[in-house]
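In what follows, a structure is listed as C-alpha cells, so that the remarks can point back to it.
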Amino acid sequence: MSDINEENIINTELEAIQNTESDLINNYKEYYVYEYYIEESNEVFYVGKGKGNRAWKDVRNPECEKIKAEYEWKVRIVEEGITEDEALSIERDLIEKYRASGVMLTNIMPGGVKPTEKEAIGYVKYLSFLVEKGVLQMSLVDISNLLLLNQSTVWQIVNSEHYTDIDPLLPENINEIIHKYHVNSYTDDQIRVGNIKYILDLIEKDVLKLSQAQLAEYYEVTPSNVSSIKKGKTHANVPLLIPDNVGDIFKRFDVFYVSEEEKIRGMIMFIIRLRNEGILRMTNRDIGRVLEVSDYLVAEFNRTNEDRKYVAKEYRPDAEIMAKLIPYFVVK
DNA sequence: TGTTAAATCCGGGCCGGTTT
DNA sequence: AAACCGGCCCGGATTTAACA
C-alpha cells in the first residue's frame, strides 16, 4: 500500500518537473513586439508580436497591406527578449495606447492573436448571424478578409452542414467590427458626400471662405456634383459628416484671411469713411492715386444708390499708405 | 449617378452722359 | 472739376439640361 502511494507521489513529482520544464520552454524569452511605421511621417499603422522573423514576413490584413503598398515603411522593434505572455500584454497595451491617442492602426484582431480554427469558425458564424439580423453589412469576402480566412472556407462555414456542431462565438474585437461594418456605415463615396455637405453648411454660415468650385476641387469632384449635392438632387439620404481633416480645411479656408484685393477694397472703405467724417479731404482721384486703383473703382464705394454700392470689410492701411494720407488730413 | 457642355446668374469694373 | 448714375461687358461661379 505504501509502495503504491510512494509511486504515486513520485509520479506526481515527475509530472510537476515536466510541467515546469514545458513552462520554461513556453516562457523562453524569445518574443518581441514590433510596429510598422511610415518612414516619411513616422506614423505607426500596425502593431504586432512575434518571434524569429515574423515581423518581416507574411502579409497582414488588407488595410495594412494597402498602406504597405502605398508608402515607404519600416519595421521597428518596440520591446524584445520577452516571453509570449509579456509580448501579448505589451502589444495589447500599445495598441490601446495608440488607439486612445487617435492613431489609426490597421490592426484588426487586437493582440494579434491568431484564432484557432475552431474559434475562427465560431466567429464566422457569429458574424454571419449579425449580418442575417441586419446588424452588420458585410459580404463573405469582408468576413474572410477580416479573419484572414479563405473565401471558400467562409462560404463552407456559412452554407454547408459540416460545422453544425460548432457554436457561434463572439469575437473579442466586436466593438471595432460593429463600428466598421454596421448597416448604417457609409462607403468612402458617401463619406465624401457627407463631408461636402458639412463644409457647404459651414460656407452657408460664413464660417469658411471658399467657393463651391474650390470645394469641388478639394474633394476631386465637379462643381455640378457639388451643386447637385447641395440641392439634394443626389445623395439626399447622406447626412452631414465631419471630415477627419476638418482642421486642415479650416486652416486652408480661414474666413478671416484677407487677400490683397480685399485689403485694397477694405482700405478704400476706410479712407472713404474718414472722408465722410471730415477727417480727410480727398477726391476719388486722390484716393485712387494713393491706393493705385482707378477713381472709377473708388466711386463705386461711394454710390448713393445703395443697391449698387460696393461694400467691403474695412481694412486699416499699413504705415506706408498712412504716410501717403498725411497731406490730406484736415487741420483744425 | 455622374459627366459634359451650355445656360444663367452675378459681381467687378469701366464708361459716358448728366448733374452738382 | 468732381460726383452721380444707368448701361454694359467680362468672366468666374453656379445651375441646368442632355445624355451615358
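Keep in mind it's a predicted model, so treat the numbers as computed, not measured. Lettering of chains follows the sequences in order, A, B, ..., and the numbering in each one begins at 1. The figures that follow rest on heavy atoms only: side chains count, while hydrogens, waters and symmetry mates do not.
Looking at heavy-atom distances under 4.0 Å, A/Lys309 makes no contact with the nucleic acid at all. Contact annotation for A/Asn302: backbone-only contact, meaning every heavy-atom pair under 4.0 Å involves sugar-phosphate atoms and none involves a base.
Applying the ring-ring contact (aromatic ring centres under 6.0 Å, His included) rule to pairs touching residues 260-315 of chain A yields A/Phe301-A/Tyr310, sequence neighbours excluded. For residues 126-160 of chain A, the ring-ring contact (aromatic ring centres under 6.0 Å, His included) pairs, not counting sequence neighbours, are A/Tyr126-A/Phe129.
The shortest heavy-atom contact between A/Glu35 and A/Leu94 is OE1-CD2, 3.8 Å.
Hydrophobic side-chain contacts under 4.5 Å tie A/Phe256 into a cluster, directly or through other members, with A/Val255.
Looking at residues two or more places apart in sequence or on another chain, you find a salt bridge (Lys or Arg N to Asp or Glu O under 4.0 Å) between A/Lys51 and A/Glu30. Checked against salt bridge (Lys or Arg N to Asp or Glu O under 4.0 Å), A/Arg252 has no partners two or more places apart in sequence or in another chain. The side-chain hydrogen bond (donor to acceptor under 3.5 Å, both in side chains) check on A/Asp318 picks up nothing, with sequence neighbours excluded. For the salt bridge (Lys or Arg N to Asp or Glu O under 4.0 Å) test, residues two or more places apart in sequence or in another chain that qualify with A/Arg192 are A/Asp189. With sequence neighbours excluded, the residues forming a salt bridge (Lys or Arg N to Asp or Glu O under 4.0 Å) with A/Glu314 are A/Arg273, listed by chain and number.
Contact check of residues 206-215 of chain A against DNA chain B (heavy atom, cut-off under 4.0 Å) returns no residues at all.
Summarising the geometry, the separation between CD on A/Glu204 and C1' on C/dA13 is reported as 15 Å, rounded to the nearest angstrom. Atom CG of A/Asn284 is separated from atom P of C/dA1 by 15 Å (rounded to the nearest Å). The distance from atom CG of A/Asp286 to atom P of C/dA1 is 14 Å, rounded to the nearest whole Å. What separates CG of A/Asp307 from C1' of B/dG12 is a distance of 15 Å, to the nearest Å. Here B/dT1 presents its P atom at 17 Å from NZ of A/Lys231, a figure rounded to the nearest Å. Residue A/Asp295 contributes atom CG, which lies 9 Å from atom P of C/dA2 at whole-angstrom precision.
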What protein N or O atoms touch nucleotides 2-6 of chain B N or O atoms at under 3.5 angstrom, if any, and at what distances?
unit_1, atom_1, unit_2, atom_2, d
B/dG2, OP2, A/His235, NE2, 2.9
B/dT3, OP2, A/Asn225, OD1, 3.1
B/dT4, O4, A/Ser224, OG, 3.2

Just the atom pairs and distances: protein N or O near nucleotides 13-20 of chain B's N or O, under 3.5 Å.
unit_1, atom_1, unit_2, atom_2, d
B/dG13, OP2, A/Arg265, NH1, 2.8
B/dG13, N7, A/Tyr310, OH, 2.4
B/dC14, OP2, A/Ser294, OG, 2.9
B/dC14, N4, A/Glu300, OE2, 2.6

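A close approach under 4.0 Å does not occur between any side-chain nitrogen or oxygen of A/Lys233 and OP1 or OP2 of C/dT15. Residue A/Asn305 has a polar side-chain atom (N or O) positioned under 4.0 Å from OP1 or OP2 of C/dG6.
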Please tabulate, one pair per line, all N/O donor-acceptor pairs under 3.5 Å involving side-chain atoms of residues 215-222 of chain A, not counting sequence neighbours.
unit_1, atom_1, unit_2, atom_2, d
A/Tyr218, OH, A/Asn245, ND2, 2.9
A/Thr222, OG1, A/Ser224, OG, 3.2
A/Thr222, OG1, A/Asn225, N, 3.2
A/Thr222, OG1, A/Asn225, OD1, 2.9

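Contact check for A/Glu72 versus A/Glu40: no side-chain heavy atoms found under the 4.5 Å cut-off.
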